[in-house]
Amino acid sequence: MELFKVDTGLTIWMFVAFAILFFILWKFAWPVIMKTIDGRADLIDKGVEYAQNAKEQLDNAQLTAEKQIQEARHKEADIIAEANRMKSQIIEQARDEAKKEAQKEKDAAKLSIEQSRREAEQNLRDEVSRVALHIAGQVTRQDLSNQAAQKKLVNTYLDEIESNNKN
């Protein structure tokens with residue numbers, strides 16, 4: 001059981017070896033390790049700063065995109081309003097033109113009706129004149145001394161006029 005026995009000389013030499021090793025590590029390895037850790041910490045800080053800048057740029061890009069979308073929507077609404085205004089204007093122009101054309105047709109129809117009426121009046125006057133001349137000729141040939149004969153003659157000519165107008 002020699003393994004469990006403590007040898008003081010060996011313990012002192014182990015303590016001396018540990019102190020030398022600790023001194024060498026503290027003098028030469030510790031600054032390199034600390035420099036590496038500080039460099040790594042700086043790299044991490046720069047990465048965090050870069051990520052924050054990237055996030056700010058992304059937020060700014062999102063705001064810019066939102067503004068552009070709003071502008072596009074506003075322009076779209078303006079275009080639609082302009083199109084509706086033009087549509088209304090075109091419809092109003094078409095309506096005015098249709099009214100003018102209808103008025104022209106109406107005036108032409110009135111003129112045609114007036115002309116037809118005048119022709120009918122002229123025909124009626126011609127017919128009345130012809131009948132009056134015919135009646136006058138008949139009157140001069142017949143004796144119209146009694147009133148019954150006059151009524152009979154007028155009724156006969158009126159019947160003839162009606163039969164001629166029906167044909």
Side-chain angles (χ1 to χ4, degrees), residues 28-167:
F28 299 108
W30 188 256
V32 173
I33 291 171
M34 289 307 292
K35 187 177 177 183
T36 305
I37 289 174
D38 288 341
R40 182 73 176 162
D42 289 342
L43 182 65
I44 290 171
D45 288 341
K46 286 181 184 177
V48 169
E49 185 179 325
Y50 177 75
Q52 288 174 346
N53 287 339
K55 184 179 182 310
E56 287 175 6
Q57 289 176 353
L58 178 64
D59 290 342
N60 289 338
Q62 286 176 341
L63 289 174
T64 304
E66 187 65 32
K67 286 179 184 177
Q68 289 177 346
I69 289 171
Q70 291 291 338
E71 288 176 14
R73 287 182 180 155
H74 183 68
K75 286 181 183 178
E76 177 188 14
D78 289 345
I79 289 170
I80 289 172
E82 180 67 20
N84 285 334
R85 187 187 61 78
M86 289 176 67
K87 176 187 79 166
S88 298
Q89 185 179 11
I90 289 170
I91 289 172
E92 190 63 32
Q93 286 176 348
R95 187 175 290 140
D96 290 343
E97 288 177 14
K99 284 180 182 178
K100 287 178 184 176
E101 189 64 30
Q103 187 62 37
K104 284 181 185 177
E105 290 292 325
K106 187 177 175 182
D107 292 344
K110 282 182 180 179
L111 185 63
S112 176
I113 290 170
E114 182 65 26
Q115 188 175 2
S116 295
R117 185 186 62 79
R118 286 183 188 154
E119 288 176 4
E121 284 178 359
Q122 186 63 37
N123 288 339
L124 181 62
R125 284 184 184 167
D126 291 345
E127 184 68 25
V128 168
S129 297
R130 190 179 57 78
V131 170
L133 289 175
H134 183 66
I135 290 174
Q138 292 293 328
V139 167
T140 55
R141 289 186 205 148
Q142 292 181 3
D143 180 26
L144 297 178
S145 58
N146 78 23
Q147 197 167 2
Q150 289 176 1
K151 283 186 182 181
K152 182 179 176 188
L153 181 63
V154 170
N155 286 334
T156 304
Y157 287 123
L158 288 176
D159 289 340
E160 284 181 22
I161 291 172
E162 286 180 11
S163 66
N164 286 338
N165 285 338
K166 288 180 183 178
N167 291 333

*side chain to side chain donor-acceptor pair (under 3.5 Å) with Gln68: which residues, sequence neighbours excluded?*
none

Atom [atom1] in [X], atom [atom2] in [Y]: separation rounded to 0.5 Å?
X	Y	atom1	atom2	answer
Asp45	Asp38	CG	CG	10.5 Å
Asn123	Glu121	CG	CD	10.5 Å
Glu119	Leu124	CD	CG	13.5 Å
Leu63	Leu58	CG	CG	9.5 Å
Lys75	Asp78	NZ	CG	9.5 Å

What residues form a side chain to side chain contact (heavy atoms under 4.5 Å, CB included) with [X], not counting sequence neighbours?
X	result
Asn84	Ile80, Lys87
Ile44	Arg40, Val48
Glu71	none

Could you tabulate the donor-acceptor pairs under 3.5 Å formed by side-chain atoms of residues 50-57, not counting sequence neighbours?
| residue | atom | partner | partner atom | Å |
| --- | --- | --- | --- | --- |
| Lys55 | NZ | Asp59 | OD2 | 3.3 |

*How far apart are the C-alpha atoms of Glu82 and Arg85, what are their side-chain angles, what is the distance that settles it, and do they pass the salt bridge (Lys or Arg N to Asp or Glu O under 4.0 Å) test?*
CA-CA 5 Å; Glu82 180 67 20; Arg85 187 187 61 78; 2.3 Å; yes

*Applying side-chain hydrogen bond (donor to acceptor under 3.5 Å, both in side chains), which residue pairs with at least one partner in residues 100-116 are found, sequence neighbours left out?*
Gln103-Asp107, Glu114-Arg117, Glu114-Arg118

Result block: side-chain N/O donor-acceptor pairs under 3.5 angstrom for residues 92-99, not counting sequence neighbours:
| residue | atom | partner | partner atom | Å |
| --- | --- | --- | --- | --- |
| Glu92 | OE1 | Arg95 | NH1 | 3.3 |

_Any residue meeting salt bridge (charged side-chain N to carboxylate O under 4.0 Å, His left out) with Glu49, in chain and number order, not counting sequence neighbours_ =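 Applying salt bridge (charged side-chain N to carboxylate O under 4.0 Å, His left out) to Glu49 gives none.
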
